[in-house]
Number of protein chains: 2
Amino acid sequence: MRARIEDVAAAAGVSMKTVSRVLNNEPNVREETRRRVQEVVERLHYAPNLSARSLAAQRSYVVALMYDNPSRNYLMEIQVGVLDACRAQHYNLVLGPTHWGTEGFLGEVTGLIRQSRVEGLVLTPPLTDDAALLATLDGLGVPFASISPQVQTGRIGVTLDEHAAAAEMVTYLISLGHRRIGHITGHRSHGGCAWRHAGYREALARAGIEYDPELVIAGEFDYESGVRTGGRLLDLPERPTAIFAANDDTAAGVLRAASLRGLEVPRDLSLCGFDDTPMSQQINPPLTTVRQPSRAMGRLATLELIKAIRGPEAGRMLRVDYALQLRESAAPYRAPR
Amino acid sequence: MRARIEDVAAAAGVSMKTVSRVLNNEPNVREETRRRVQEVVERLHYAPNLSARSLAAQRSYVVALMYDNPSRNYLMEIQVGVLDACRAQHYNLVLGPTHWGTEGFLGEVTGLIRQSRVEGLVLTPPLTDDAALLATLDGLGVPFASISPQVQTGRIGVTLDEHAAAAEMVTYLISLGHRRIGHITGHRSHGGCAWRHAGYREALARAGIEYDPELVIAGEFDYESGVRTGGRLLDLPERPTAIFAANDDTAAGVLRAASLRGLEVPRDLSLCGFDDTPMSQQINPPLTTVRQPSRAMGRLATLELIKAIRGPEAGRMLRVDYALQLRESAAPYRAPR
DNA sequence: CTGTTAGCGCTTTCAA
DNA sequence: TTGAAAGCGCTAACAG
C-alpha cells in the first residue's frame, strides 16, 4: 500500500538509517546520497508514519495551546499564529480548552500533558498569570511560553507594553482637549487590567490632571458590563466627556449606554477601547482602539517555545509593538450641553 | 518512569491483552477483572501511549476540521463543537486551514490526509460544495461530514433550512408593514447565498409582493460590501424601508451606510441579518437576525462522521433548527420622509 | 473468558 | 560516512 522507509531505502539502494538521516536533516550523509534519497521520497510520495516516529523516538512532537474562553476573535487570531509556527517546525498542535478557576483546572492541564505526551505549552491569558499553574509546570519540567503575561521575569513568550499603550491612548484623548476622562477596567483576574489602569493614571499625571476615583469603575471585559458601568459614568452629575474602556467589547457596551441616554458618539462622548477586534470597525461609529498583533504573538511565542524544547536555556521573552488605531469614536472636546 | 500496559498487567495479575481489552471496552472480560484492572490504571495514573496504539492498530484516531477563512466567530463556534465530540469519542482533532479556490487547494487536503493519516474530515462552507473535492475524497475512500452543505443527497453531516429561515425573516418584515424590502446576497460561491435569496423571493411571493430586481444586490458577506451595496440601495430614488442582508457582517455595513446618510435604524430603515454573531448584539441598535446553533452543528457533524468511520453505511444528514432573534434593528413601517 | 506471540514503522545504539 | 540489529508500547490473530 503506502510506502515505508524500508521501501525508500531499497529503491535508493541505501539503508533505512540513511533515509532516516536524510529525513531528519542529520549530518553524515554524502550530498549525492542525500539528493538521491530525496528523489525517491518524492517519487514514492513517501510520508513518514508519525506514530512510529513518535514511538521510536520517545517524543510526541506535540505542543498544546491552552486557553479559557477569552474573546473568540482574539483566540482565533492567536491560534492561527500558533498553527503557522507548528507547521513550519513540524510540530502538531493540540487544543487545550480549560476551565480556569474551577477545582479541576490543574487536573485538566496535567491530564492533557499526560494523555497527549505534550512537549510544551503555549499559555494565553488569564492562564499566563496563574502562579499555581506555573509552579506545577515547572515541577513537571514541561516548558511553556506565555502570551502577554503580567510578570515576565525569566520566562519565555511574547509580551506587549500595555502600560505604554494605555498611556498613549489616554494622552491622545487629552490632546483632543478632554480632561474628565473615565476608565472602565477589565476583570481583576486578567493581567492586562492592572497595566491598562496604570497607563491611564500615568497619562493623567503627566498632563497634570488629578486622578478622580469616581471616574474609574470595574468592568468585566464584556459588553454587558460596558452597558452597565458606562451608564453609571454617564449618569454622573458631571459626566466624563471621554471614556477609555479596557477592551473593545466593553467600549461597545458604553456606546450602547450612551445611545440609550440620547448621547451621540463622538459628539457628546469620545470613546476608545483596546484590542482592535473586527467588531471595532463594524460598530457605528468605528472605534478608536489599540491594535495588538495577536497572530504574530501566537507565532512568535510558539517559535520560542519550540526553541526551548529543542535546547534548554534557549527561548526568550519577546516584546512586540502595539499601534493606536485612530477612528471616529474619539473627537475633539466640546463642552457638555 | 511512566507506567506501561505491561506494568498495569503485572500489578493487576493479568495479561497485557486483558488490560488492553478493558481499556478499549472490548467484551469477554469478567466484571470483577475489569474493575480490578481499572483500579490499577487509576492508581498508576496509567495513560496509554497513543503513538504505540496507533502504530499497532494501524489507525490514527484523527479527524480533521477543514476550513477556509470563514467568519472567525463562526469557525470558533464550530471548532468548539467539533472538539467536544472528538474528546467524547477519544479522537484527536487536527486543524486543516486551506486556501480554497487556489491551485494547490486539493493538494493541501490530500497532503494533510496522507501526512496525518486522517480517518475522516469535517467540512465547512465553502468546501462543503466543492464538487472536485468531494469527488477526490470519495475516490480516496475517506469519509467526511459536511456542515451546512448546499446539496445533501446521500451525504453525512448536518444542515439547516436556510431557505425557510430567510423566508421567515422576510415574512416578519412584511408583517411589520414593509413592502419595499431590499436584499443583499452573499458571495455566489457560498451555498447559503442562493438559498437565502430563494427564501426572500418566496416570502415576497406568498405576500403577493412583486419581486423587484432593482432591490437585490450582490454583496460579498463582509462589512465593506455591506457599506457599498447598502449605500446603493439607500440611494435609490424610491429607497427600501427594510433590508434583509445575507449575513450579519453585511448588515453591519448597511447600518454604517445608513448612518453616513443621516438615516436612523430602525426609524428610517429596518434591518436584519443572518448568523447571530456576537457582534450583532454589540452594534447599535442590536440586530434582528437568524441564529444557527453552530456549536451543536459542529458537534453533531463530528459524531456522525465518527459513526461513519466506525461502521460503513452509518452516519446520516441531520437537520437542525434555526431561531429568529428579534431585536431593535427592525421596527414597524413608517412612510419615508 | 484469558494469555501468548508476532509484528506495526520508525529511531537508536553500536559496529564497520 | 554508512549499516545491522534491537527495541519503543501497543494490538491482532490465534491458542488455550
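Computed over heavy atoms, backbone and side chain alike; hydrogens, waters and symmetry mates excluded.
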Within this structure, what is the [atom1]-to-[atom2] distance between [X] and [N], rounded to whole angstrom?
| X | N | atom1 | atom2 | answer |
| --- | --- | --- | --- | --- |
| B:L50 | D:dC10 | CG | P | 9 Å |
| A:E6 | D:dA4 | CD | C1' | 13 Å |
| B:R2 | D:dC8 | CZ | C1' | 14 Å |
| A:N28 | C:dT11 | CG | C1' | 16 Å |
| B:E26 | D:dC10 | CD | C1' | 12 Å |
| A:R4 | C:dC10 | CZ | P | 8 Å |
| B:R53 | C:dC10 | CZ | C1' | 20 Å |
| A:N25 | C:dT11 | CG | P | 12 Å |

Ignoring backbone atoms, test whether [X] places a side-chain nitrogen or oxygen under 4.0 Å from the OP1 or OP2 oxygen of [N].
| X | N | value |
| --- | --- | --- |
| A:Y61 | C:dC10 | no |
| A:Y46 | C:dG9 | no |
| A:N49 | C:dC8 | no |
| B:S20 | D:dC10 | no |
| B:R30 | C:dC1 | no |

**Message:** If the threshold is 4.0 Å, N to carboxylate O, is there a salt bridge linking A:E32 and A:R35?
**Reply:**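 Salt bridge flag = no for A:R35 with A:E32.
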
**Prompt:** Can A:E39 and A:R36 be counted as an ion pair, charged N to O under 4.0 angstrom?
**Reply:**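 The answer is no: the pair does not qualify as a salt bridge.
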
Within a reach of under 6.0 Å around [atom1] of [X], are more than 12 heavy atoms found that belong to other residues, nucleotides or ligands?
| X | atom1 | value |
| --- | --- | --- |
| A:R59 | CZ | yes |
| A:R316 | CZ | no |
| B:E6 | CD | no |

Which listed nucleotide ([options]) is nearest to the side chain of [X]?
| X | options | answer |
| --- | --- | --- |
| A:I5 | D:dA4, C:dC10, D:dT11 | C:dC10 |
| A:S15 | C:dG9, D:dA4, D:dG9 | D:dA4 |
| B:A57 | C:dC10, C:dT2, D:dA12 | D:dA12 |
| B:Q58 | C:dG9, D:dT11, C:dT2 | C:dG9 |

To the nearest 0.5 Å, how far apart are [atom1] in [X] and [atom2] in [Y]?
| X | Y | atom1 | atom2 | answer |
| --- | --- | --- | --- | --- |
| A:T136 | A:D130 | OG1 | CG | 8.0 Å |
| A:R155 | A:D138 | CZ | CG | 4.5 Å |
| A:I147 | A:T159 | CD1 | OG1 | 10.5 Å |

**Message:** For A:V14 and B:L55, find the nucleotide of DNA chain D closest to each by heavy atoms; which residue's nucleotide sits nearer the 5' end?
**Reply:**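 Nearer the 5' end of the strand: A:V14.
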
**Item:** Upstream residue (5' side of DNA chain C) when A:A52 and B:R34 are each assigned their closest nucleotide
**Value:**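 Of the two residues, B:R34 wins.
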
**Message:** Students often get this wrong, so: under 4.0 angstrom with heavy atoms, is B:T33 touching a base, only sugar-phosphate, or nothing?
**Reply:**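 It contacts sugar-phosphate atoms only.
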
**Message:** Roughly what angle, to 10°, lies between the helix axis at the start of the helix from C:dC1-D:dG16 to C:dA16-D:dT1 and the one at its end, five pairs per end?
**Reply:**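 Computed from the C1' atoms at both ends, the axes differ by 30°.
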
**Prompt:** Do A:R21 and D:dG3 have a side chain to base donor-acceptor pair shorter than 3.5 Å?
**Reply:**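 Per atom types, the contact qualifies.
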
